[in-house]
There are 2 protein chains.
Amino acid sequence: MPRKPEQKRKQATLADVAQMAGVSIATASKALNGRSQVKAETRARVFEAAEKLKFSPNAMAQNLLTGRSGTIGLVTHDLDGRFSIPTLMGAEDAAGHGRTSVLLCDARGDALRERYHLQALLGRRVDGLIVVGARPDPRSSLGTLPVPVVYAYAPSTDPRDTSIVTDNVAGGRLVAEHMLACGRRRIALVTGDPEYGAAHDRVAGAREVLDRDGAEVVPSEPLYGTWSEEWGRTAAGLVINQHPDVDGIICGSDQIARGVLDTLRESGRKVPDDVAVTGHDNWEILAVNARPQLTSVDMRLEELGRQAAELLFAAIDGRTTKGGHVVTPRLVPRASTGPRVSG
Amino acid sequence: MPRKPEQKRKQATLADVAQMAGVSIATASKALNGRSQVKAETRARVFEAAEKLKFSPNAMAQNLLTGRSGTIGLVTHDLDGRFSIPTLMGAEDAAGHGRTSVLLCDARGDALRERYHLQALLGRRVDGLIVVGARPDPRSSLGTLPVPVVYAYAPSTDPRDTSIVTDNVAGGRLVAEHMLACGRRRIALVTGDPEYGAAHDRVAGAREVLDRDGAEVVPSEPLYGTWSEEWGRTAAGLVINQHPDVDGIICGSDQIARGVLDTLRESGRKVPDDVAVTGHDNWEILAVNARPQLTSVDMRLEELGRQAAELLFAAIDGRTTKGGHVVTPRLVPRASTGPRVSG
DNA sequence: CTGAAAGCGCTTACAG
DNA sequence: CTGAAAGCGCTTACAG
């Protein structure tokens with residue numbers, strides 16, 4: 001049987017502070033906010049009272065005046081996924097520095113749920129919105145909203161929106177350049193689900209570099225499959241079977257690379273001596289525990305999240321940020337590609 | 001050079017709606033809120049105006065009246081960790097059903113940062129707080145706050161606080177019972193960092209069951225190490241070296257179990273025929289990609305988060321929830337323990 | 001059924 | 001240097 005609501009431990013109000021300090025509400029406000037026109041002694045009395053009452057100004061009341069809520073909405077589409085979290089962390093971090101709080105919603109890839117959360121957030125008068133996609137492919141625009149929106153990780157299809165994404169083509173290039181620097185010349189490309197733009201982009205970046213340098217891609221067409229260890233094991237089997245002289249395998253993800261490493265080891269190939277292997281995503285738990293540790297590409301998602309927040313703050317301040325922005329990934333070399341061999 | 005702030009696309013206000021509908025603000029409010037004392041035709045006019053102006057009531061103004069913000073604060077300590085995320089998802093989900101929004105902060109295990117975020121959240125007049133720890137060991141209490149607090153995953157050391165945790169002893173029991181049901185009699189316990197209470201709790205649960213049943217624990221003392229694949233590989237080597245007749249290995253985490261599986265496979269043991277292996281945490285990406293797929297224990301963290309939110313709502317409504325609450329984990333059997341063998 | 005008034009907790013011109 | 005008053009956008013008794 002529910003009891004009647006617990007005695008509300010009413011928070012002290014500015015009026016309480018003013019009364020205790022023996023001044024008007026207006027003066028208490030000015031004292032607390034460091035306005036210059038207050039006698040030092042009065043200010044001290046007000047602070048003392050505020051302290052004693054554990055006064056904490058009601059942000060809702062303050063914001064009603066300013067017209068800004070000091071909050072941003074973060075709508076994510078795969079809270080359980082490993083890609084949105086670092087992005088979210090970066091945004092939260094950037095927001096915290098600007099004394100902005102983050103309202104988090106998980107829309108789970110569902111457009112209806114997204115609309116619902118959007119309404120709730122707009123009702124709370126968020127100053128802006130960051131929408132984090134589940135995968136890097138473009139998504140439909142939310143259209144014109146009363147506050148600025150930044151699309152992070154998954155860009156909006158509408159170029160008039162502000163989007164920020166990871167540069168997967170550059171990621172592919174990085175890894176290919178590294179393979180060449182390690183002296184590899186017969187390189188296989190094993191990647192994931194061809195439905196993902198990221199799979200194609202990473203392959204495109206790698207091919208561009210390999211072709212330009214005249215390195216051989218074996219087999220000549222990249223192998224698409226799924227983003228799994230299982231596929232990595234299978235694909236590696238195919239590659240070494242058809243092209244026993246392969247000396248490098250560029251994988252579209254760390255999971256795939258883990259599978260590739262397993263098959264190579266079990267077939268007696270030495271990594272990196274016989275075959276160098278690279279992953280993608282720099283998922284530490286997979287990359288660092290691999291045997292040998294896995295060279296990978298880090299998308300710098302936390303940086304992406306941070307920049308998304310910066311773009312949003314800029315837009316909130318009226319500075320224009322329209323269009324696509326890009327975060328360049330970085331290579332994280334580890335033992336699976338061995339020490340660099342010049343030339 | 002920053003331009004002057006973008007022309008504020010001022011949101012429509014209730015006054016705007018009232019004016020357009022040709023009624024007073026009070027009547028507009030009543031119409032929109034479904035109060036009975038409004039003529040149907042008037043109500044229609046008001047709704048029409050609201051629609052046309054895309055009116056969305058300012059929650060800050062509404063909340064100022066009610067004294068409730070309709071938000072809860074979620075303070076997490078390892079946003080990048082895999083444990084807080086499901087908890088957070090469950091809480092967000094439960095909150096959403098109650099039309100409550102979630103303010104997210106990441107304190108990163110830092111008490112100072114936690115204090116800072118706490119102040120910000122209290123300033124925003126959150127109706128309550130959920131504090132999610134980074135690991136299951138007890139943490140210090142935040143003391144008396146003006147709103148209810150629920151400690152999730154990591155309990156408060158103060159029994160007067162409300163805490164909800166996963167039952168690691170039960171998890172250990174589950175897995176041991178399963179081993180016995182699979183006909184295993186000489187079982188090794190390989191777990192992680194002894195600094196973690198969870199390591200001991202899981203071992204204690206398993207031992208309790210194994211001892212009761214008279215199964216042999218080999219070696220007689222559990223092997224503590226780190227929560228890594230590397231340690232799993234090493235530990236498995238020790239175990240099969242000293243106890244070649246081992247027929248089951250209970251691991252303290254899925255990572256450890258992955259390492260154990262690797263060593264077993266490479267030493268020629270068949271899993272589960274020769275040795276059954278279990279993990280813990282049911283980290284799908286590891287468990288499902290293992291060879292064979294890994295039997296594990298799911299802590300039901302999403303459920304934990306959901307219950308944390310329910311406890312918080314109860315406390316906000318004045319129903320008492322003090323003390324420790326527990327979520328019972330569940331076994332997820334997969335191929336690494338093989339089909340059940342009765343007896 | 002409708003509206004004028006008070007008030008939620010604050011800040012900010014504007015007078016003294 | 002201090003305070004009375006207006007107002008942010010809403011809701012809710014209270015009169016008409």
Side-chain angles (χ1 to χ4, degrees), chain A residues 8-47 49-50 53-71 120 122-127 146-147, chain B residues 8-47 49-50 53-71 120 122-127 146-147:
Chain A
K8 268 290 166 220
R9 293 163 277 191
K10 262 284 197 188
Q11 300 257 52
T13 177
L14 186 58
D16 300 330
V17 174
Q19 186 176 31
M20 176 175 281
V23 296
S24 73
I25 295 183
T27 301
S29 171
K30 285 174 209 153
L32 256 17
N33 291 311
R35 295 281 170 278
S36 57
Q37 343 85 303
V38 181
K39 210 200 318 186
E41 189 235 303
T42 309
R43 188 188 305 276
R45 272 213 322 283
V46 173
F47 268 99
L53 294 170
K54 291 192 180 146
F55 173 70
S56 142
N58 185 326
M60 289 190 290
Q62 294 180 310
N63 296 326
L64 201 50
L65 278 296
T66 65
R68 282 204 184 175
S69 66
T71 60
L122 292 176
R124 291 192 189 283
R125 295 295 186 271
V126 292
D127 299 326
V147 295
Chain B
K8 268 292 166 221
R9 295 164 277 193
K10 263 285 196 186
Q11 300 257 53
T13 177
L14 187 58
D16 300 331
V17 174
Q19 186 177 29
M20 175 175 279
V23 298
S24 73
I25 294 182
T27 300
S29 170
K30 286 174 206 150
L32 257 16
N33 291 312
R35 297 279 169 280
S36 57
Q37 344 85 303
V38 181
K39 211 200 318 184
E41 190 235 304
T42 309
R43 190 189 303 278
R45 271 213 323 284
V46 173
F47 267 99
L53 294 169
K54 292 192 177 140
F55 174 71
S56 143
N58 185 327
M60 289 190 289
Q62 293 179 311
N63 296 327
L64 201 51
L65 278 297
T66 64
R68 281 202 186 177
S69 67
T71 60
L122 292 175
R124 292 193 187 284
R125 295 297 187 268
V126 291
D127 299 326
V147 295

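Note that this is a predicted model, so its numbers are computed, not measured. So you know, we letter chains A, B, ... as the sequences are listed, proteins then strands, and number each from 1.
What separates CG of B:N63 from P of D:dT12 is a distance of 12 Å, to the nearest Å. Rounded to an integer number of Å, the gap from B:K30 NZ to D:dC10 C1' is 13 Å. Atom pair A:D16:CG and C:dC10:C1' shows a separation of 13 Å (rounding to whole Å applied). Straight-line distance from the CG atom of A:L64 to the P atom of C:dT12: 13 Å, rounded to whole Å. Taking atom CD1 on B:I25 and atom P on D:dG7, their separation rounds to 12 Å, with Å as the unit. Counting to the nearest Å, the P atom of D:dT11 and the CZ atom of B:R68 are 17 Å from each other. Between the CD atom of A:Q11 and the P atom of C:dG9 there is a distance of 11 Å, rounded to whole Å. In this structure, A:Q37 atom CD and C:dT12 atom P are separated by 10 Å, rounded to whole Å.
Summarising the base pairing, D:dT2 is matched to C:dA15 through a Watson-Crick or G-U wobble pair whose two defining distances lie under 3.5 Å.
Listed nucleotides D:dT11, D:dT2, D:dG3 differ in distance to B:L14; the shortest reach to its side chain belongs to D:dT11. Side-chain atoms of A:A61 lie closest to C:dC10 of the nucleotides C:dC10, D:dG9, D:dT2. Relative to the side chain of A:F55, the nucleotides C:dC1, C:dC10, D:dC1 differ in distance, and C:dC10 lies closest.
Counted within 6.0 Å of CD on B:Q19, heavy atoms from surrounding residues, nucleotides or ligands total 12 or fewer; the atom is thus considered open.
If you take CG on A:N58 and CG on B:L122, they are separated by 11.5 Å, rounding to the nearest 0.5 Å. Between B:R68 atom CZ and B:R125 atom CZ the span is 14.5 Å, to the nearest 0.5 Å.
In terms of phosphate contacts, A:T13 brings a side-chain nitrogen or oxygen within less than 4.0 Å of OP1 or OP2 of C:dC10. The side chain of A:T42 contributes an N or O atom lying less than 4.0 Å from OP1 or OP2 of D:dT2. Contact check, A:T27 against D:dC1: no side-chain N or O comes under 4.0 Å of OP1 or OP2. In this structure, A:Q62 does not reach the C:dC10 phosphate: none of its side-chain N or O atoms is under 4.0 Å from OP1 or OP2. In terms of phosphate contacts, A:S29 brings no side-chain nitrogen or oxygen within less than 4.0 Å of OP1 or OP2 of C:dC10.
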Please assess B:R124 against A:N63 for the test side-chain contact (heavy atoms from CB on, under 4.5 Å), listing each intermediate value before the final yes or no. CA-CA 10 Å; B:R124 292 193 187 284; A:N63 296 326; 3.9 Å; yes
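Nucleotides of DNA chain C nearest to B:R125 and B:A40 differ in position, and the one nearer the 5' end is that of B:A40. Where B:L65 and B:V38 each meet DNA chain C at their nearest nucleotide, the meeting point lying more 5' is that of B:V38.
A pairwise comparison of heavy atoms in B:I25 and B:A15 identifies CD1-CB, 3.9 Å as the closest pair.
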